[in-house]
Amino acid sequence: MAETKTARPTIAAHGAEQLPEVVVDSYNAEITDDEGFIGDRASRRAFREIVERWRKPLRDLGEDPFGDEPSDRISKKSLDELLAGGHPEAAGVVHGAIEDFAQELAGVIRRFLKLKAWRGTERIVIGGGFRASRVGELAVGRTAVILKADKIKVDLALIRHDPDEAGLIGAVHLAPAWMFQAHDAILAVDIGGTNIRVGVVRLNLKKADDLSKAEVVRFELWRHGDEKLSRGDAVERLVDMLKRLIGRADKDGLALAPFIGIGCPGLIAEDGSIERGAQNLPGNWESPRFNLPAVLHEAIPRIGDHEAAIVMHNDAVVQGLSQTPDMQDVDHWGVLTIGTGLGNARFTNRDPD
């Protein structure tokens, strides 16, 4: 696909600070020290490296309970099963890795809380693919205990929705709810460093006008991280996924709103270009001549009888927005998404008036 830098008009600025229900105080914060980005210490890759460190002394003795399986290939399901009743030494490796990872995550959270934009944070929601396992849940629970023992006053919570769906459901909070009153659902896109997810999100406004009952009713996942492809190939695949879901929504009798909400890694400029932070995506998504919302609008100019409006924000922001209805008992809250990297965003709830 040809590059373009001209975005079509939309209902809101891309990467906006002011959203219908929250102010985005900070996102995509990149904290460094002498060893590099501190977020790298609390990623899925970091956890696997910790598992590998615990396996090494056993391997040197010829007693590695995991055998020849590479640490980055052991499935989350297998690790969870080991905790429930697997080989005692293998379970010991996992428990050791959970403890070390929790210490690292607690250190990362301490650093975030020192940022000016994160001061006064009352609750942090943990999302991302790492959360979708018992190992991940235990690591977060242990992190919470470590922080409380250090008298750090912040609650940790697991994101309520399935991580495969949270980044899609959060897209409904990118636009004001009134825009959806005559419609049943929207299209949502969640672009990650390993996967691209596309879904139809049913709004269920009659059940809850705060969008707390929104749910994914159609879903496609493409693991692009396993393939070597160009940016153009990736975007064409994304367009095909969206067009298929438009057809399926029509067959299901769902009235789609003329809206596509997108979560994408990186710092999102107001015009829809990506300034930095998209290095894990296929090809160069940070080119000033590339504008994903504009490319998608060219491919899908209308949904139903209306021109399509497209809004893109950072993927951690969008995943965090899925939790908005559950955050009404605090004023300041944040999200950390543990996946290919560590996504982050901090929010302040807006006055409902």
Side-chain angles (χ1 to χ4, degrees), residues 15 17 22-51 53 96-131 135-159 163 166 192-193 263 265-268 275-280 313-321 323 327 330-349:
E17 175 183 337
V22 299
V23 175
V24 183
D25 304 304
S26 169
Y27 76 89
N28 202 51
E30 298 175 338
I31 308 173
T32 61
D33 62 12
D34 293 340
E35 298 179 12
F37 291 108
I38 70 162
D40 291 342
R41 302 172 197 167
S43 65
R44 184 172 60 235
R45 182 182 298 111
F47 179 79
R48 298 304 176 131
E49 290 173 352
I50 293 171
V51 171
R53 288 204 302 268
I98 288 172
E99 176 64 25
D100 287 357
F101 185 84
Q103 294 287 349
E104 293 285 4
L105 180 57
V108 169
I109 290 173
R110 291 188 193 99
R111 290 292 302 274
F112 271 98
L113 293 176
K114 290 179 180 178
L115 295 176
K116 181 178 180 181
W118 279 71
R119 290 175 190 166
T121 300
E122 300 160 79
R123 185 176 299 147
I124 298 175
V125 181
I126 307 296
F130 185 71
R131 176 260 179 272
V135 167
E137 292 175 352
L138 291 176
V140 172
R142 178 61 182 142
T143 303
V145 171
I146 292 168
L147 293 173
K148 288 179 179 178
D150 288 344
K151 296 181 171 52
I152 296 174
K153 295 182 179 180
V154 64
D155 292 331
L156 294 191
L158 295 167
I159 206 159
L267 187 64
I268 311 301
E275 295 185 358
R276 66 175 186 273
Q279 63 273 6
N280 290 322
H313 215 306
N314 173 265
D315 57 340
V317 170
V318 179
Q319 190 167 148
L321 291 175
Q323 202 77 5
M327 295 292 116
V330 295
D331 293 321
H332 310 291
W333 55 283
V335 61
L336 296 177
T337 60
I338 304 173
T340 306
L342 182 72
N344 61 85
R346 204 272 201 169
F347 307 96
T348 294
N349 288 334

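Bear in mind the structure is a predicted one, so any value in this text is a computation, not a measurement.
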> What's the separation between atom NZ in K153 and atom NZ in K148, rounded to the nearest 0.5 Å?
13.0 Å
> Using the side chain to side chain contact (heavy atoms under 4.5 Å, CB included) rule, take H313 and L321 through it: C-alpha gap first, then chi angles, then the decisive distance, then the call.
CA-CA 11 Å; H313 215 306; L321 291 175; 6.0 Å; no
> Exactly one of V125, L156, I124, I159 should register a side-chain contact (heavy atoms from CB on, under 4.5 Å) with L336. Which one does?
I124
> Look at the side chain of E122 and the backbone N and O of D331, then say whether any donor-acceptor pair between them is shorter than 3.5 Å.
yes
> Heavy atoms, side chains only, cut-off 4.5 Å: are V335 and Y27 in contact?
no
> For the CD1 atom of I31 and the NZ atom of K114, what is their distance to the nearest 0.5 Å?
10.0 Å
> Is the backbone N or O of G192 less than 3.5 Å from a side-chain atom of D315, with the two atoms forming a donor-acceptor pair by type?
no
> Backbone N or O of A316 within a donor-acceptor pair of the N314 side chain at under 3.5 Å?
yes
> Take V135 and F47, measure what side chain to side chain contact (heavy atoms under 4.5 Å, CB included) needs, and give me the verdict at the end.
CA-CA 10 Å; V135 167; F47 179 79; 3.4 Å; yes
> Drop me the distance from I50's CD1 to R41's CZ, to the nearest 0.5 angstrom.
11.0 Å
> Would you tell me whether H332 and T121 have side-chain atoms, one donor and one acceptor, within less than 3.5 Å of each other?
no
> Using 0.5 Å steps for rounding, measure from the CZ atom of F112 to the CZ atom of R346.
12.5 Å
> Less than 4.5 Å apart, side chain to side chain, heavy atoms only: is that true for V22 and M327?
no
> So how far is it from L342 CG to N28 CG, rounded to the nearest 0.5 Å?
10.5 Å
> For the pair V140 and R131, evaluate side chain to side chain contact (heavy atoms under 4.5 Å, CB included) and give the outcome as yes or no after the intermediate values.
CA-CA 8 Å; V140 172; R131 176 260 179 272; 5.9 Å; no
> Could you walk me through whether W333 and D155 satisfy the side chain to side chain donor-acceptor pair (under 3.5 Å) test, starting with their C-alpha distance in whole Å, then the side-chain angles of each, then the deciding distance to 0.1 Å, before giving a yes or no?
CA-CA 9 Å; W333 55 283; D155 292 331; over 6 Å; no
> Check the side chains of W118 and D25 for a donor-acceptor pair under 3.5 angstrom, ignoring hydrogens and angles.
no
> Please report the closest heavy-atom contact between V108 and A42, naming both atoms and the distance.
CG2-CB, 4.1 Å
> To the nearest 0.5 angstrom, please state how far the CD atom of Q103 sits from the CD1 atom of I146.
3.5 Å
> Might you point out which heavy atoms bring L158 and Q323 nearest each other, and give the distance in Å?
O-NE2, 4.0 Å
> Dump the intermediate steps for side chain to side chain donor-acceptor pair (under 3.5 Å) on T340 and R44, then the final yes or no.
CA-CA 6 Å; T340 306; R44 184 172 60 235; 3.3 Å; yes
> Grab the two heavy atoms, one from L115 and one from A29, that are nearest each other, plus how far apart they are.
CD1-CB, 4.1 Å
> Given side chain to side chain contact (heavy atoms under 4.5 Å, CB included), test I338 with L105 step by step and report yes or no.
CA-CA 10 Å; I338 304 173; L105 180 57; 4.2 Å; yes
> Of all heavy-atom pairs between A278 and P265, which one has the smallest distance, and what is that distance?
CB-O, 4.1 Å
> Return the orientation label for the F101 and F130 ring planes: parallel under 30°, perpendicular over 60°, tilted otherwise.
tilted
